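Read through the structure below, which is laid out as structure tokens, and then see the notes.
Numbering of residues begins at 1 and proceeds along the displayed sequence. Computed from a predicted model, the values in this text were never measured in an experiment.
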Amino acid sequence: VWKHYSKIRDDINTKFKEAKAENVKTEKQSKNWLTKDEFQNIVKQYQEYLTKHKVLQSKPDKINKQELNKLMEYVLIKFYQEIPSRNDFHSLQIVSKKEYNELPKDTNQNYLVMERSNIHIIINDWKTKKNEKDTRTITISPELQKLVRAYTRKASFRKYMFVSNKEQPLTRNGLTKLLQKMFKVF
């Protein structure tokens, strides 16, 4: 009996290794992934919503919470469009360069560092981090910087870039749930 189940296990492991070596998605993975065109369509739908409701042109006190959250979701999508990543944008705290320089460097907090002429992301907490002192710095494009500045002006009361409905910073799991919700809506 043991030899029989060992052979079944070994056959399954061999098939798994072959599929992994070929870099082919499983049927379940294929079902859950978006194509590039589907992703672009979702980006377009967010752009249309923001344009229709004039969210980017409105003053901060003239947009409601739903519109502000749609803008936040759009910024998040644009982050992933420009910076392919895991759920590393969770609990992204918004700080100035001066504030960042005064912070302890042994933190696991992720930061969006805003300077007068530049914005970059400091990732101190990511899933595959090997060394406690490792840090990743990501410079974002001028186009995305413009969008981030527009969002942070409208959401100046937020200390974190991406928040829950209760205005709490998103955890890694919370970010996953938000992304799933966003892609189901469209």
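- Between atom CG of residue D88 and atom CD1 of residue I83 there is a gap of 10.0 Å, rounded to the nearest 0.5 Å.
- Rounding to the nearest 0.5 Å places OG of S164 at 12.0 Å from CG of L175.
- Checked against the 6.0 Å centroid threshold, F39 and Y80 do not count as a close aromatic pair.
- To the nearest 0.5 angstrom, I42 atom CD1 is 11.0 Å from E73 atom CD.
- The minimum heavy-atom distance linking H90 with L170 is given by the pair CB-O, 3.4 Å.
- For N165, the CG atom sits in a loose shell: 12 or fewer heavy atoms of surrounding residues, nucleotides or ligands are nearer than 6.0 Å.
- Atom OG1 of T171 sits about 9.0 Å away from atom CG of N87, to the nearest 0.5 Å.
- When all heavy atoms of Q145 and S117 are compared, the closest pair comes out as OE1-O, 3.9 Å.
- Shown here for F89 and F162, the closest heavy-atom pair between the two residues is O-CD1, 3.5 Å.
- Side-chain N/O atoms of Q57 and K54 include no donor and acceptor closer than 3.5 Å.
- Not a single donor-acceptor pair under 3.5 Å links the side chain of E115 to the backbone N or O of S96.
- Side-chain atoms of S58 never come within 3.5 Å of backbone atoms of K62 as a donor-acceptor pair (strictly under, hydrogens ignored).
- Distance alone, capped at 3.5 Å, places no donor-acceptor pair between the Q93 side chain and the L112 backbone.
- Residue L68 comes nearest to A155 through the heavy atom pair CD1-CB, 3.9 Å, listed as atom of the first residue, atom of the second, then distance.
- Within 6.0 Å of atom CD in E48, more than 12 heavy atoms from other residues, nucleotides or ligands are found, so the atom counts as buried in its surroundings.
- In this structure, the side chain of N110 engages the main chain of N124 through a donor-acceptor pair within 3.5 Å.
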>> side-chain contact (heavy atoms from CB on, under 4.5 Å), that's the test. Do Q40 and Q81 meet it? Break it down for me.
In response: CA-CA 9 Å; Q40 295 299 342; Q81 187 177 36; 3.1 Å; yes
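- Sparse packing is recorded around NZ of K3, with 12 or fewer heavy atoms of other residues, nucleotides or ligands lying under 6.0 Å away.
- Without hydrogens or angle criteria, Y151 side chain to M161 main chain gives a donor-acceptor distance under 3.5 Å.
- Under a 4.0 Å N-O distance rule, the pair E67/K154 does not qualify as a salt bridge.
- Listed for the E38 side chain is a donor-acceptor partner under 3.5 Å among the backbone atoms of T35.
- With values rounded to the nearest 0.5 angstrom, I121 atom CD1 is found 10.0 Å from T137 atom OG1.
- For the pair E102 (side chain) and E99 (backbone), a donor-acceptor distance under 3.5 Å is absent.
- Using a 4.5 Å heavy-atom threshold, the side chains of I94 and T152 count as touching.
- The nearest pair of heavy atoms linking R149 to I119 is NH2-CG1, 3.6 Å.
- Counting only heavy atoms from C-beta outward, the side chains of K146 and V148 never approach each other to under 4.5 Å.
- Between L92 and Y160 the shortest side-chain heavy-atom distance does not fall below 4.5 Å.
- For Y5, the OH atom sits in a loose shell: 12 or fewer heavy atoms of surrounding residues, nucleotides or ligands are nearer than 6.0 Å.
- Between D11 and K15, none of the side-chain N atoms (NZ, or NE/NH1/NH2) sits under 4.0 Å from a carboxylate O, so this pair counts as no salt bridge.
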